[in-house]
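None of these values were measured; they are calculated from a predicted model. We number each residue from 1, following the sequence as shown.
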Amino acid sequence: MPKDVKKVVLAYSGGLDTSVAIPWLKEKHNADVIAVTLDLGQGRELNQIRERAMATGAIRCHVLDVREEFARDYVLPAIKANALYGGGYPLFTALGRPLIAKLAVEYAQKAGCDTIAHGCTGKGNDQVRIDVSVRAIDPAIAVIAPAREWGMTRPEEIEYARVRNV
């Protein structure tokens, strides 16, 4: 992991982990943060997410409507293959991670960033999906998982956010 990151692309969901990640990346890595948010069809108000990222300290926030690409290139092939988690429910959340990684790499390359960050914790496979996808697309780009690194409990994270007006 780079010691002196200057610019980092953050796969930004707008939730607590990624909102806290913006000031954390600035403090810990002396980084300017470019947030990238994808509309995969989750139906949330994405303008509020952009405003939150900017208010939290991001230098830019790109909100990308990728619903059509996600449905066509990820969801439809999974439906055709009957891809179900444990035979029970569709893998749509998991399928979004490679697309998030792909677009984070594209925006990192455009902005001259050598690092991508994401808000996945150590609890599930999402972190692996993003880490491995980024490295497969561009092995030269480093990956930081702030929530995995900082080791804060949820109450500590909330306090960190409160102190920084997040």
K.L.:
Output side-chain donor-acceptor pairs under 3.5 Å for residues 50-57, partner residues at least two apart or in another chain, one line each.
P.N.:
{"from": "R50", "atom 1": "NH1", "to": "N47", "atom 2": "OD1", "distance (Å)": "3.2"}
{"from": "R52", "atom 1": "NH1", "to": "G14", "atom 2": "O", "distance (Å)": "2.6"}
{"from": "T56", "atom 1": "OG1", "to": "R52", "atom 2": "O", "distance (Å)": "2.6"}

K.L.:
Using 0.5 Å steps for rounding, measure from the CG atom of L40 to the CD1 atom of I100.
P.N.:
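Those atoms lie 5.5 Å apart.
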K.L.:
Which heavy atom of C120 sits nearest to which heavy atom of I130, and what is that distance?
P.N.:
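Minimum heavy-atom contact is SG-CD1, 3.8 Å.
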K.L.:
What I want to find out is whether K102 reaches D73 closely enough, with some N-O distance under 4.0 Å, to be called a salt bridge.
P.N.:
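Judged by the 4.0 Å cut-off on N to carboxylate O distance, K102 and D73 do not form a salt bridge.
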K.L.:
In a check of side chain to side chain contact (heavy atoms under 4.5 Å, CB included) between L25 and each of T115, V8, V20, which one passes?
P.N.:
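When side chain to side chain contact (heavy atoms under 4.5 Å, CB included) is applied between L25 and each of T115, V8, V20, only V8 qualifies.
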K.L.:
With a 4.5 Å heavy-atom cut-off, do D131 and R148 have their side chains touching?
P.N.:
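Touching, per the 4.5 Å side-chain cut-off.
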K.L.:
Any side chain to side chain donor-acceptor pair (under 3.5 Å) involving residues 12-26? Give me the pairs, sequence neighbours left out, ordered by first then second residue.
P.N.:
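Sorted result for residues 12-26: Y12-S19, S13-T18.
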K.L.:
Side chains of R97 and H118: does their closest heavy-atom pair fall under 4.5 Å?
P.N.:
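No; the side chains remain at least 4.5 Å from each other.
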K.L.:
Work out which heavy atom in C113 is nearest to a heavy atom in I34; give both atom names and the distance.
P.N.:
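Where C113 meets I34 most closely, the heavy atoms are SG-CD1, 4.0 Å.
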K.L.:
Going from OG1 on T37 to CG on L64, what distance comes out if it is rounded to the nearest 0.5 angstrom?
P.N.:
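Interatomic distance, T37 OG1 to L64 CG, rounded to 0.5 Å: 8.0 Å.
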K.L.:
Compare all side-chain heavy atoms of L99 with those of L103 and state whether any distance is below 4.5 angstrom.
P.N.:
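They are in side-chain contact.
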K.L.:
Count I, L, V, M, F, W, Y as connected when their side-chain heavy atoms are under 4.5 Å apart, and connections chain through other members. Are L84 and L95 then in the same cluster?
P.N.:
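Looking at the clustering, L95 is in a separate group from L84.
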K.L.:
Hey, is the main chain of R67 close enough, under 3.5 Å, to the side chain of D65 for a donor-acceptor pair?
P.N.:
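Side chain of D65 to backbone of R67, a donor-acceptor pair under 3.5 Å: yes, one is there.
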K.L.:
Counting C-beta onward and ignoring hydrogens, is there a side-chain heavy-atom pair between I137 and E106 closer than 4.5 Å?
P.N.:
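In short, these two side chains do not touch, never coming nearer than 4.5 Å.
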K.L.:
Kindly state each residue pair satisfying ring-ring contact (aromatic ring centres under 6.0 Å, His included) with at least one member in residues 43-66, sequence neighbours excluded.
P.N.:
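Every ring-ring contact (aromatic ring centres under 6.0 Å, His included) pair that includes a residue of residues 43-66, provided the two are not neighbours, is H62-Y107.
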K.L.:
Side-chain heavy atoms under 4.5 angstrom apart, residues restricted to Ile, Leu, Val, Met, Phe, Trp, Tyr: same cluster for V33 and V166?
P.N.:
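They do not share one cluster, since no chain of ILVMFWY contacts under 4.5 Å joins V33 to V166.
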K.L.:
Check the hydrophobic clustering (I, L, V, M, F, W, Y; side-chain heavy atoms under 4.5 Å; chains of links allowed) and say if V36 and I141 are grouped together.
P.N.:
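Yes, because V36 and I141 connect within a single hydrophobic cluster, where side-chain heavy atoms sit under 4.5 Å apart.
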